[in-house]
There are 2 protein chains.
Amino acid sequence: MATRIVEPEAGPRSKRAAILAAAVDCFGETSFEATKWSTVAERVGIGQTALYHYFESKTHCLLTIMRLELQRSHDKFTEATEDVTDPTEALRAAIRAAYDVSDHEVLQMRILHNHMDLLSGPRKSKREEAERVEARKLVQLVERDWMNLLVRGMSMGVFPLRDAQLLGASVLGLIVSVWRWYRPSGPTPLSEIGELIEGACVRMVAT
Amino acid sequence: MATRIVEPEAGPRSKRAAILAAAVDCFGETSFEATKWSTVAERVGIGQTALYHYFESKTHCLLTIMRLELQRSHDKFTEATEDVTDPTEALRAAIRAAYDVSDHEVLQMRILHNHMDLLSGPRKSKREEAERVEARKLVQLVERDWMNLLVRGMSMGVFPLRDAQLLGASVLGLIVSVWRWYRPSGPTPLSEIGELIEGACVRMVAT
DNA sequence: GATCAACCTGAGTTCAGTTCAATTCGGTGA
DNA sequence: TCACCGAATTGAACTGAACTCAGGTTGATC
């Protein structure tokens with residue numbers, strides 16, 4: 001059932017990847033609304049209209065970036081937790097994985113969480129809507145990832161019983177809230193932030 | 001120093017308040033980007049161009065809504081905590097106050113937190129920039145509100161010593177993360193959400 | 001070296017946001 | 001009572017960034 005969108009296979013002279021990378025830089029640093037679509041084209045070294053060979057619209061590109069980031073987040077969660085049986089350790093591993101990211105991925109996170117509201121309403125065009133629907137599915141997947149982790153801990157008696165859905169959403173909300181203000185150039189290194197959040201989440205869930 | 005922007009005094013036939021109310025409804029339900037500025041005008045019952053008598057631009061209106069909401073949040077925090085000496089009780093009171101809001105205020109929260117990124121970059125026009133600067137000040141004020149609460153608890157020995165700035169930002173992030181997904185029509189009543197978050201924050205801070 | 005699809009372009013269209021010049025409204029003071 | 005003034009409003013025109021279209025290149029494959 002959970003069918004991934006097939007990434008258009010890269011013809012050897014495809015600039016899709018380059019466009020996505022440039023768009024992440026622009027949208028992440030300047031904001032989606034404020035960056036001109038034509039600026040992205042310039043950076044890649046093609047005319048504005050060539051963009052429409054790869055993406056149906058500026059928004060379609062944004063939605064693609066968001067979906068890819070969600071896919072990455074989900075995969076990383078799975079990878080980090082699959083071999084960890086102890087729930088508290090799994091929680092810690094998941095959080096450490098969440099903050100083990102490159103600068104480029106930080107931008108993707110920022111873009112994703114600054115435009116979550118895009119995922120609620122339907123889109124007019126086909127391909128945009130496809131990306132949106134897929135992204136929404138992934139959001140729910142990620143939410144379930146965290147909830148399941150809590151449910152497991154609760155049923156094993158390691159975590160006190162609480163509304164796992166609500167608590168999961170809270171943990172997730174706490175973790176991703178960092179991406180709204182964190183800047184790699186800022187005073188606090190990400191590792192330090194991660195450690196504080198890790199502690200906070202464990203107290204929140206396991207106390 | 002902290003000089004509030006003087007609200008343009010309402011001439012008796014001013015439609016400013018009506019425009020703000022309509023804009024909150026539109027921006028909150030349909031999203032800022034997707035609602036046409038002219039739709040707001042329609043709702044109020046005036047021509048599109050009349051809007052420019054009150055606001056310099058669509059964005060200027062948005063920034064005003066955001067500033068007003070921030071002002072409200074700060075005032076409410078102060079009011080809820082000023083008479084409470086016990087830090088844990090003050091924390092609880094602040095959180096309860098944060099979730100003691102009308103449906104209209106829920107929309108304002110949603111709008112505010114969906115467009116926080118607007119506050120980082122400077123604006124081109126004067127009045128927009130004034131609102132932006134004022135809003136940023138208020139953001140820092142609110143952040144300091146929470147941080148000070150934690151600092152007080154820590155120095156009184158009630159809360160374990162931790163990075164109060166980071167922890168404050170986290171608490172705040174957790175609390176406001178709710179506004180991204182909460183809908184008054186949803187299955188979980190706000191009171192229940194508030195209670196869970198209240199517990200979570202106390203564990204996070206006081207354990 | 002013909003063919004075909006992927007890739008690209010310049011010129012032109014659209015549309016929401018915005019500007020402008022001109023007009024109406026309603027309270028105030030002579 | 002009426003002239004006046006600023007607040008409030010308007011229709012018509014402008015702007016600029018997203019997007020469309022009709023066609024042109026490129027280069028891998030046969």
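Below, chain A is the first sequence line, B the second, and so on; all start at residue 1. All figures in this text were calculated on a predicted structure; none of them were measured in a lab.
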Does [X] have any salt bridge (Lys or Arg N to Asp or Glu O under 4.0 Å) partners at least two apart in sequence or in another chain, and if so, which?
X        : value
A:Asp100 : A:Lys76
A:Asp25  : none
B:Glu198 : B:Arg92, B:Arg96
A:Arg67  : A:Glu7, A:Glu131

Check your understanding: Is B:Lys15 near enough to D:dT9 that one of its side-chain N or O atoms lies under 4.0 angstrom from OP1 or OP2?
Key ->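 The answer is yes; a side-chain N or O of B:Lys15 sits under 4.0 Å from OP1 or OP2.
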Review point. Does a side-chain N or O from A:His53 land closer than 4.0 Å to OP1 or OP2 of C:dC7, or not?
Key: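 Result: yes.
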Point to revise | Residue list, ring pair (Phe, Tyr, Trp, His ring centres under 6.0 Å) with B:Phe32, at least two apart or on another chain | key: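 Counting only residues at least two positions away or on another chain, B:Phe32 forms a ring pair (Phe, Tyr, Trp, His ring centres under 6.0 Å) with B:Phe27, B:His115.
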Exercise for review: Tell me, please, which residues at least two apart from B:Tyr54 pass ring pair (Phe, Tyr, Trp, His ring centres under 6.0 Å).
Suggested key: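 Partners of B:Tyr54 by the ring pair (Phe, Tyr, Trp, His ring centres under 6.0 Å) criterion come out as none, since no residue qualifies.
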For atom [atom1] of [X] and atom [atom2] of [N], their distance in whole Å:
X        : N      : atom1 : atom2 : value
A:His60  : D:dT20 : NE2   : P     : 13 Å
A:Lys124 : C:dC15 : NZ    : C1'   : 12 Å
B:Ile46  : D:dT10 : CD1   : C1'   : 11 Å
B:Ile19  : D:dA7  : CD1   : C1'   : 13 Å

Exercise for review: Indicate yes or no: does B:Glu134 engage B:Lys137 in a salt bridge with an N to O separation below 4.0 Å.
Suggested key: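 A salt bridge links B:Glu134 with B:Lys137.
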**Study point:** A:Glu128: partners by side-chain hydrogen bond (donor to acceptor under 3.5 Å, both in side chains), with sequence neighbours left out
**Key:**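 A:Glu128 satisfies side-chain hydrogen bond (donor to acceptor under 3.5 Å, both in side chains) with A:Ser57, A:Arg123 only.
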Report, one pair per line, the protein and nucleotides 23-30 of chain D atoms (nitrogen or oxygen only) whose separation is under 3.5 Å.
residue: D:dT26; atom: O2; partner: A:Arg13; partner atom: NH2; Å: 3.1

Heteroatom pairs (N/O) under 3.5 angstrom, protein to nucleotides 16-21 of chain C:
residue: C:dG17; atom: OP1; partner: B:Lys58; partner atom: NZ; Å: 2.8
residue: C:dG17; atom: OP2; partner: B:Trp37; partner atom: N; Å: 2.8
residue: C:dT18; atom: OP2; partner: B:Tyr52; partner atom: OH; Å: 3.1
residue: C:dT18; atom: OP2; partner: B:Lys58; partner atom: N; Å: 3.0
residue: C:dT18; atom: O5'; partner: B:Tyr52; partner atom: OH; Å: 3.4

